[in-house]
Each structure stands twice: as structure tokens, then as C-alpha cells.
Amino acid sequence: MMEGIDISDVFDESHVLLDLDAKTQDDVFHAVAEAAVRNGIADDANALYEGFLQREQEVTTGLMDGYAIPHTKNEAAKRAAMFYVRVPNPLPWETMDDSEVTNLFCLIAPASCEGNPHLVMLSALATCLLEDDFKEAVAKAASAEELVSLVTEHIEKEVE
């Protein structure tokens, strides 16, 4: 349980996009926005896409070692959610170590959200991504089920 958020309500196997054929940030943002609408998390894919884009233009969400955490707090979102995206071809992205990005955790929160669940998720995830073992395990996870289990276990430890 994450400060009032059950991680299973925020992240499940339908939120995992393995081997997404994306060539740009735009491709990732569109794919996640469309998946959020398909999963009933949001009602306007274009508004979510624009939210990701605007946030990325403010300050990059690129981290290190091929990871990024794009996020948006958006009117189109009905509830908080996290998506994981892995791309087979590294994406150009502004990162702290100038590496291209292959692993993304995309966070979505409703604009009218009580508290800041996306900031709690962002903080927990950023802490997990400081651990080399976690990053390696995420990058090697072979299935959505394995990935959800791994991420859930690590994030729950961070927010206890």
C-alpha cells in the first residue's frame, strides 16, 4: 500500500508494453496515452499525449542507464496509473548520463487528485532506480507478469 494507493490499482500486466516499436518520444507518449484510454484510466488520449509532451519540454524526465520516468498530471486522467515501456531500439532522450533510453516508467495522475499519488510513485520509483540490481532485473524481465511482480515488490518496500 502506497500512502493510500494500492499498487495493484495503479500498475498491472495490462500496463506493460514490452518491445514497443517506438522510434521517438512522441511514439512512446502516443502508445501510453492510447493504452491508458483502452484501460479506462483516461478518456482523451490526445490530452494525455500533450500532457507528457508539455512536461518533457519543461524538464527532461531522462535519468541514467537507459531509464526515463515521463509523467503527467492531467484533466483527461480518471485515476492514477503507471505504465512500463521497453523499446528494442534505444530512443534519443536527454538524460543525466547522455545515454539513450530503452526503459520507461510512465506515470499518470488526475489533475484533481487528492494528495499527490504521482509524486509518491515518482519518488519510490526514482529510489528503486538507484539500485543496479533493480534496473538489471527490470531490463531482463521476460514477461509482463514477471515485471509487475518485481516492480510491485520493490516499490512496496520503498513506501513502507
Side-chain angles (χ1 to χ4, degrees), residues 1-22 24-63 66-87 91 93 101-129 134-135 137-139 141-160:
M1 194 77 133
M2 201 177 0
E3 282 187 37
I5 302 169
D6 183 343
I7 186 83
S8 64
D9 290 340
V10 175
F11 186 55
D12 66 35
E13 292 171 31
S14 69
H15 299 184
V16 176
L17 307 175
L18 294 177
D19 299 319
L20 180 69
D21 184 23
T24 64
Q25 288 179 352
D26 276 7
D27 292 345
V28 171
F29 297 159
H30 277 297
V32 171
E34 289 163 12
V37 169
R38 270 195 316 274
N39 282 283
I41 293 158
D43 54 17
D44 183 341
N46 197 52
L48 269 189
Y49 162 79
E50 290 294 333
F52 281 122
L53 204 57
Q54 287 173 349
R55 175 61 186 83
E56 198 64 40
Q57 289 169 348
E58 290 171 21
V59 178
T60 185
T61 58
L63 301 175
Y67 280 84
I69 309 178
H71 50 281
T72 182
K73 191 169 183 180
N74 198 285
E75 294 291 336
K78 298 178 195 176
R79 61 184 178 90
M82 177 171 69
F83 283 79
Y84 169 77
V85 178
R86 183 185 301 149
V87 295
L91 300 173
W93 209 286
V101 168
T102 53
N103 298 278
L104 302 99
F105 285 97
C106 304
L107 307 180
I108 298 168
S112 60
C113 216
E114 287 295 317
N116 287 304
H118 67 297
L119 296 180
V120 173
M121 289 189 299
L122 186 60
S123 175
L125 202 47
T127 301
C128 289
L129 288 171
F134 176 75
K135 289 184 287 195
V138 166
S143 68
E145 182 180 20
E146 183 183 346
L147 195 104
V148 168
S149 174
L150 172 76
V151 171
T152 299
E153 178 186 330
H154 279 79
I155 286 181
E156 285 178 343
K157 281 183 202 169
E158 286 307 316
V159 294
E160 284 179 348

**Q** Less than 3.5 Å apart, any donor N or O on the side chain of E56 or T60 sitting next to an acceptor on the other?
**A** yes
**Q** Given L48 and V32, is the side chain to side chain contact (heavy atoms under 4.5 Å, CB included) satisfied, shown in steps?
**A** CA-CA 9 Å; L48 269 189; V32 171; over 6 Å; no
**Q** Output all residues satisfying salt bridge (charged side-chain N to carboxylate O under 4.0 Å, His left out) with D19, sequence neighbours left out; order by chain, then residue number.
**A** none
**Q** Salt bridge between E34 and R38, side-chain N to carboxylate O under 4.0 Å?
**A**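 A salt bridge is absent here (no side-chain N lies under 4.0 Å from a carboxylate O).
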**Q** Hey, could you give me the CE/NE2 distance between M82 and H71, rounded to the nearest 0.5 Å?
**A**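 With rounding to 0.5 Å, CE (M82) is 13.5 Å from NE2 (H71).
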**Q** For E145, does the CD atom have more than 12 heavy-atom neighbours from other residues, nucleotides or ligands under 6.0 Å away?
**A**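 No.
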**Q** If you look at every heavy atom in G62 and A68, which pair is closest and at what distance?
**A**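 Looks like CA-CB, 3.9 Å.
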**Q** Search all heavy atoms of N74 against all heavy atoms of A47 and return the closest pair with its distance.
**A** ND2-O, 2.9 Å
**Q** To the nearest 0.5 Å, tell me how far Y49 OH sits from D27 CG.
**A**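 Nearest 0.5 Å value for the OH-CG distance: 9.0 Å.
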**Q** As an exercise, state the distance from OG1 of T127 to NE2 of H154, rounded to the nearest 0.5 Å.
**A**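 Nearest 0.5 Å value for the OG1-NE2 distance: 12.0 Å.
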**Q** Could you please spell out the steps behind the side chain to side chain contact (heavy atoms under 4.5 Å, CB included) verdict for I155 and F11?
**A** CA-CA 11 Å; I155 286 181; F11 186 55; over 6 Å; no
**Q** Between OG1 of T72 and CD1 of I108, what distance do you get to the nearest 0.5 Å?
**A**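 Answer rounded to 0.5 Å: 8.0 Å.
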**Q** Is it true that a side-chain atom of H15 and a backbone atom of A81 form a donor plus acceptor pair closer than 3.5 Å?
**A** no
**Q** Side chains of V37 and D43: closer than 4.5 Å at any heavy-atom pair?
**A**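 No, too far: nothing below the 4.5 Å cut-off.
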**Q** Any side-chain heavy atom of T102 sitting closer than 4.5 Å to one from Y67?
**A** no
**Q** Quick one, R86 and L17 - any side-chain contact, counting heavy atoms below 4.5 Å?
**A** no
**Q** Going by heavy atoms in the side chains, are L104 and W93 under 4.5 Å from each other?
**A** yes
**Q** State whether the side chain of E50 and the backbone N or O of N46 hold a donor-acceptor pair below 3.5 Å, judged by distance alone.
**A**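 Absent.
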**Q** If you look at every heavy atom in A144 and L18, which pair is closest and at what distance?
**A**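 Looking at all heavy atoms of both residues, the shortest contact is N-CD1, 3.9 Å.
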**Q** Tell me whether the rings of F105 and Y84 are parallel (<30°), tilted (30 to 60°) or perpendicular (>60°).
**A**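 Plane angle between 30° and 60°, so tilted.
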**Q** Should L122 and I69 count as side-chain neighbours, where that means a heavy-atom distance under 4.5 Å?
**A**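 SC-SC contact between L122 and I69 confirmed.
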**Q** Could you go step by step and tell me if L125 and L107 meet the side chain to side chain contact (heavy atoms under 4.5 Å, CB included) rule?
**A** CA-CA 10 Å; L125 202 47; L107 307 180; 4.3 Å; yes
**Q** Identify the two heavy atoms, one from A139 and one from N103, that lie closest to each other, and give their separation to 0.1 Å.
**A** CA-OD1, 3.9 Å
**Q** Could you report the tightest heavy-atom contact between A80 and P110, atom names first, then the distance?
**A**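 Scanning both residues completely, I find the closest heavy atoms to be N-CD, 3.6 Å.
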**Q** Can you tell me how far apart CD (Q54) and CZ (F29) are? Round to the nearest 0.5 Å.
**A** 11.5 Å
**Q** For the residue pair I41 and K78, establish whether any side-chain heavy-atom pair is separated by less than 4.5 Å.
**A**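 Side chain of I41 against side chain of K78, heavy atoms only: no contact under 4.5 Å found.
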**Q** With a 4.5 Å cut-off on side-chain heavy atoms, are N39 and F83 touching?
**A** yes
**Q** Would you name the heavy atoms of C106 and V85 that are closest together and state the gap between them?
**A** SG-CG2, 4.3 Å
**Q** Scan side-chain atoms only and decide if D12 and S14 contain a donor-acceptor pair under the 3.5 Å cut-off.
**A** yes
**Q** Is the shortest heavy-atom distance from the side chain of L91 to the side chain of Q25 under 4.5 Å?
**A** no
**Q** Would you check, one step at a time, whether the test side chain to side chain contact (heavy atoms under 4.5 Å, CB included) holds for E13 with L147?
**A** CA-CA 8 Å; E13 292 171 31; L147 195 104; over 6 Å; no
**Q** Mind checking the CZ-CD spacing from F52 to Q57? Nearest 0.5 Å is all I need.
**A**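 CD of Q57 is found 14.0 Å from CZ of F52.
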